[in-house]
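Note that ligands are numbered from 1 as they come in the structure, with each ligand's atoms numbered from 1 the same way. Residues: numbered from 1 along the sequence shown.
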Amino acid sequence: MKKISALFLSLSFLSVSLLSVSAMAAEEVYSPTKKVKVEFFLTDAGQPAYRTYANNHVVIKDSLLGFKLDDGSAIATGLAEVSAKRSASNQTWEQPWGEEHFIKNAYSQLSVALQETAGLKRRLNIVFRVYDDGVGFRYEFPKQANLGNFEITDELTQFNIAEESSAWWTPALAGEQYEYLYRNTNVNKMGLVHTPVTLKTASGLYLSLHEAALHNYSTMNLQSGAADGKITAALVPLTKTTPVKVKLKTPAVTPWRTLQIGKSAGDLITNYLILNLNEPNKLGDVSWVKPAKYVGIWWEMHLDKTTWATGPRHGATTENTKKYIDFAAKYGFSGVLVEGWNEGWDGEWWKNGDKFNFTTPTPDYDINELSRYGKEKGIYIIGHHETGAGVDNYERQLEGAYQFLEDHGMKAVKTGYVESGEMLTNGFYHHGQRFVEHQQKVIDMAVKHHVALVAHETVKDTGERRTYPNIISREVARGQEYNAWSKDGGNPPNHLPTIPFTRLLAGPMDYTPGVFQLALPSRPQNQVNATLANQLALYVVIYSPVQMACDLPENYEKHLDAFQFIRDVTTDWETTRVLEGEIGQYVTIARKQRNGNNWFVGGITNEYARATTINFSFLDAGKSYKARIYKDAKDAHYLTNPEAYEIEERVVTAKDHINVNLAPGGGFAVSLLEVK
Ligand code: NOJ
Ligand code: CA
């Protein structure tokens with residue numbers, strides 16, 4: 001048996017070997033149970049390269065590694081292996097909050113030290129971590145006499161996909177940061193795209209390419225198209241006028257380049273490789289970072305009922321905020337987000353990057369009275385820092401801005417970097433190294449003042465929440481806001497069953513679900529392309545430790561029976577199970593509450609109706625649960641009858657199942673509260 005598979009391996013190796021490889025043997029490294037293998041080798045030209053196998057099938061064919069530098073040299077060819085060190089790790093670590101309480105981190109590691117054989121004899125290490133469900137590798141530049149400060153113009157890393165594959169992606173550097181609908185094409189047709197990018201191979205494997213631990217480096221986009229399956233790293237430049245992508249000083253490391261592998265689409269959702277490749281929590285006790293549900297003065301501005309700007313329709317008034325605080329207190333929320341509370345919003349606010357002031361409230365917003373009032377009712381105000389991508393302006397005010405939050409008991413802040421065209425107001429690229437450094441400065445300042453961060457229009461998530469658990473959620477995709485005003489008709493129903501398999505593989509998302517009035521009287525050209533039951537399901541389907549109930553209080557008060565689900569659902573989980581799912585079609589997820597025995601299930605579909613059966617075998621054996629099933633009514637339809645729902649109640653155990661019909665653009669949510 002062993003001989004046959006060895007023969008198979010060498011045959012498949014021959015069939016995919018594109019590069020001219022020296023006689024030197026490859027360094028092989030297998031994952032703990034040998035499901036995944038990486039082969040590292042040097043080409044005839046002395047360039048590092050690798051391939052990856054899953055269950056003995058080539059997934060990544062011969063792919064080159066290395067760098068070009070601004071001085072015209074390259075650390076790429078002419079390298080020789082100095083040493084190869086192997087190690088292994090098998091640990092389980094605890095998340096302070098999360099979608100899974102305990103995460104297993106088991107991998108085999110190969111660390112190869114390379115050195116140029118001539119010239120400057122510069123040194124470069126490449127470290128591979130091979131998991132049973134994927135691979136991470138990164139470059140290390142050790143401290144050395146002939147490489148001190150240096151500038152990278154190109155990272156040459158390739159991820160050459162062995163099989164014909166279908167890809168789900170969003171375009172990079174195309175003017176809207178990360179806020180796109182996903183496109184689905186052959187992998188060769190992607191062009192320049194963001195990560196994570198999700199692939200389905202001809203043989204049915206699901207892959208995700210991304211990066212982990214993005215610190216002091218620029219974002220990696222991917223470029224496809226040169227040849228079959230060929231994908232190359234494309235770092236975001238610093239500015240438009242320089243070829244330089246990254247400035248480093250030895251010793252330095254790059255982020256991890258990652259490949260996640262699943263047999264089903266759902267496997268990708270419960271793959272924790274990105275988190276595992278980040279450093280453990282550096283903050284110690286983070287009990288001040290609290291998962292929460294919140295409401296806020298937000299949707300009403302997107303609906304154009306009130307404005308961010310001052311004037312007769314200003315939303316962030318003392319009186320209006322008190323109304324939201326009362327609502328939050330009455331229904332068990334923790335926070336109230338208030339946007340448009342500060343100086344800087346008048347005029348075309350998205351161009352006010354250098355005008356926003358983060359310590360000066362508008363005259364009609366009495367922050368001292370509101371923090372007193374909120375405290376009395378057990379509610380904190382969530383701060384809002386819209387920067388208009390003016391990071392220099394924000395950084396100048398950073399200390400004062402976070403002191404202000406702390407002084408007013410604001411335990412969380414939402415940041416925003418709206419711009420148009422991929423550039424910060426200071427001329428740096430939004431997703432380049434300068435912004436990555438900025439985001440870290442903000443995280444550090446928030447730590448100093450014990451503030452949790454929810455970042456919109458920031459750089460993509462690469463798992464930093466493991467190291468800095470105060471960066472709790474990000475937007476970084478097309479969120480609910482597009483349903484209110486986008487000229488292309490909002491987010492079509494297939495957007496929602498796409499993002500759990502794409503954007504959400506990066507980390508939690510502040511989608512801001514929960515619209516109950518789906519036709520929008522103040523925005524007759526737009527509507528939310530979902531049913532009410534679909535909106536409920538999102539509290540389970542879209543993971544975020546902070547979840548907004550974004551609709552207006554009066555719309556919830558019209559449907560208090562359905563609102564009960566939002567009141568009951570938690571945002572902090574013991575464990576997560578993906579029950580079924582296909583990218584862009586449907587997904588059903590069950591999650592068990594942390595510190596409790598209740599379970600919650602959410603399922604959604606695209607524009608097609610769907611019938612499904614939920615088997616409750618995931619429930620704890622021997623326990624009974626009161627199931628409340630919130631589902632689309634028979635005649636519900638996201639376009640014509642979105643608010644038609646039914647609620648059914650029954651007692652269930654792990655032996656039961658239910659059949660549910662989902663309307664076009666529909667969904668269902670189930671709360672399973674333990675019967676004691
Ligand atoms: C874009 C954010 O995504 C949205 O949530 C916010 O309301 C506006 N910017 C204004 O800051
Ligand atoms: Ca946004």
Side-chain angles (χ1 to χ4, degrees), residues 170 174-181 194 294-310 314-316 320 324 335-353 355-358 362 381-391 393-394 401 412-422 424-425 430-431 435 439 442 453-461 472-488 490-491 495 499 503 506 508-515 523 526 528 542 544 546-552:
T170 57
E176 303 289 347
Q177 303 107 61
Y178 298 98
E179 301 188 355
Y180 290 96
L181 298 173
H194 293 124
Y294 71 100
V295 292
I297 302 183
W298 180 78
W299 191 232
E300 57 179 69
M301 272 91 94
H302 287 272
L303 293 179
D304 199 31
K305 294 192 130 183
T306 58
T307 58
W308 285 278
T310 56
H314 188 212
N320 198 22
Y324 277 85
V336 172
L337 167 73
V338 185
E339 295 199 357
W341 65 277
N342 59 328
E343 231 174 49
W345 290 91
D346 293 342
E348 294 181 309
W349 62 260
W350 51 95
K351 296 181 185 159
N352 289 0
K355 295 197 187 116
F356 286 108
N357 183 305
F358 305 102
T362 56
I381 293 176
I382 299 174
H384 184 230
H385 293 168
E386 173 57 64
T387 65
V391 297
N393 178 44
Y394 190 30
V413 68
K414 170 175 168 179
T415 57
Y417 298 88
V418 171
E419 44 92 342
S420 48
E422 309 292 338
L424 305 170
T425 60
H430 201 145
H431 302 156
F435 188 87
Q439 184 60 85
V442 176
L453 276 174
V454 179
H456 282 224
E457 299 91 30
T458 184
V459 66
K460 68 188 178 186
D461 200 338
I472 47 176
S473 201
R474 308 187 195 211
E475 181 192 43
V476 186
R478 259 175 86 131
Q480 184 85 278
E481 56 176 344
Y482 279 76
N483 286 321
W485 41 251
S486 88
K487 295 205 170 64
D488 62 1
N491 299 334
H495 183 57
I499 55 176
R503 156 65 184 83
M509 176 174 178
D510 190 39
Y511 183 80
T512 66
V515 177
R523 294 274 198 194
N526 285 82
V528 176
I542 296 182
S544 179
V546 284
Q547 289 280 28
M548 186 176 203
C550 80
D551 209 342
L552 312 176

Should [X] and [Y] count as side-chain neighbours, where that means a heavy-atom distance under 4.5 Å?
X: Thr415; Y: Glu386; result: no
X: Asp304; Y: Trp485; result: no
X: Val336; Y: Ile382; result: no
X: Asn342; Y: Phe358; result: yes

Which heavy atom in Val528 sits nearest to a heavy atom in Val515, and how many Å separate them? CG2-CG1, 3.8 Å
Heavy-atom nearest pair, Tyr482 first then Glu176, reads OH-OE1, 4.4 Å
Numbered in order shown, the ligand 1 atoms found under 4.0 Å of a heavy atom of Glu475 are 3 (O)
Here the atoms of ligand 1 under 4.0 Å from any heavy atom belonging to Val418 are 1 (C), 9 (N)
Could you work out, for atom 8 (C) of ligand 1, the closest of His456, Lys414, Glu339 by heavy-atom distance? Glu339
Counting heavy atoms only, which of Glu481, Glu386, His384, Met301 is nearest atom 4 (C) of ligand 1? Glu481
For the Ca ion (ligand 2) the protein N, O or S atom count under 3.0 Å stands at 5
Looking at Lys414 and Glu339, is any side-chain nitrogen of the basic one under 4.0 Å from a carboxylate oxygen of the acidic one? yes
Approximate separation, where rounding is to 0.5 Å, of Glu457 CD and Tyr178 OH: 12.0 Å
Among Trp341, Trp345, Tyr394, Trp308, find the one that has a ring-ring contact (aromatic ring centres under 6.0 Å, His included) with Phe356. Trp345
Quick test: of every protein heavy atom, which one is nearest to atom 2 (C) of ligand 1, and how far off is it to 0.1 Å? Glu457 OE2, 3.2 Å
I'd like to know if Phe356 contacts ligand 1, where contact means a heavy-atom distance under 4.0 Å to any ligand atom. no
Pair listing, salt bridge (Lys or Arg N to Asp or Glu O under 4.0 Å) test, anchored in residues 472-485, at least two apart: Asp461-Arg474, Glu464-Arg474, Arg478-Asp488
Which one holds for Trp350 and ligand 1: side chain close, backbone close, both close, or neither close, with close meaning a heavy atom under 4.0 Å? neither
Check whether any N or O atom of Trp345, backbone or side chain, sits under 3.5 Å from an N or O atom of ligand 1, and answer yes or no. no
